[in-house]
Amino acid sequence: MPDYEVEVKVMPRKSLLDPQGQTVEHALHALGFEQVRGVRIGRAIKFSLSSASAEEAERSVRAMCQRLLANPVTEDFFIAVKEAP
Amino acid sequence: MIRVAVVRFPGSNCDEDTLRAFALAGAQTYFVWHRERSLQGADVVVLPGGFAYGDYLRAGAIARFSPVMDSVTDHARAGGPVLGICNGFQVLCEAGLLPGALTRNAGLTFVSRPVRVRVEAIDTPFTRCYPPGAIFTLPVAHGEGRYIAPPEVLDELESEGRVVLRYVEGTNPNGSANDIAGIANRERNVVGIMPHPERAVDPLLGSADGFMMFVSAVQSMALTSGGGP
């Protein structure tokens, strides 16, 4: 089975107050980067996965996100699967 | 005697205080390690405060999959009382036994101080002995205590009278929606609260206002089992 490199981004939902993002935004403004707006901070989870196909890999990763990697009340997730070199 | 099981996850640290609070209230108390599958005939199950699995990924996200949680879920589904305190509340939300989620405090700092709370729902095993609307002091100690839920869930909690504890106006330490400090499920047997009643069971600790929560639970089980303790 081919190996895939998976990267999952878990971000706080847009409707959610993100005080960490806001704090970083203020800090960027204070450094002179005043054009920055809407900072949100999430996390990246990376791993390898052996799977029969890219589609199956994605299905599997989606299940991982739904069960563990992201909390649907507070977070959205974004999956990127690519074949390992 | 009423049997109270205090679950221990790796990283739970309020387990001893919680056990002691129930013992003071007259229960037979014991620990259940998170890997065990049996609750050993518990009448009441408690998920204590702490940092289960270091709060890695999200507070309670990994603990909710511990083997013991199958039994805790069965106990809850059968109507058995379950109390989640702080990290325990987080585990209950992650496990879907309570709606919504606890997230990072709005002020971003870990808040550790006494807060004034009002008990609203007194039709739960843990609050039945409080006078309705009673206001008292409990300590909080959390970095991820901000309760959030979709608007329709918040409406449902309010209209069904399932807010168990609320931070008194102006004292919300974490930005929780509707100043919610604790909630119950629809059947009222599963309760999750962020403040620590086990740290308020003796005047020596600054407040004994939390003691009634443990007494309520023991009393409610004694009444259910149709006799004395």
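Using a 4.5 Å cut-off between heavy atoms, A/Arg43 touches chain B through its side chain atoms alone. With a threshold of 4.5 angstrom between heavy atoms, A/Gln22 does not approach chain B through any atom at all. Looking at A/Thr23, the atoms closer than 4.5 Å to chain B (heavy atoms on both sides) all sit in the side chain, from C-beta outward. For B/Ile148, the parts sitting under 4.5 Å from any heavy atom of chain A are the backbone and the side chain alike.
The pair B/Arg77-B/Glu187 fails the salt-bridge criterion, with no side-chain N (NZ, NE, NH1 or NH2) lying under 4.0 Å from an Asp/Glu carboxylate O. Salt bridge present: B/Glu156 and B/Arg186 bring a charged side-chain N and a carboxylate O closer than 4.0 Å.
Shortest non-hydrogen contact noted between B/Phe9 and B/Ala63 is CE2-O, 3.5 Å.
The neighbour count for B/Phe110 CZ, taken as heavy atoms of other residues, nucleotides or ligands under 6.0 Å away, is above 12. For CZ of B/Arg113, the number of neighbouring non-hydrogen atoms (other residues, nucleotides, ligands) closer than 6.0 Å is greater than 12.
Residue with the most contacts toward chain B among A/Val73, A/Asn71, A/Leu69: A/Asn71 (heavy-atom pairs, distance under 4.5 Å).
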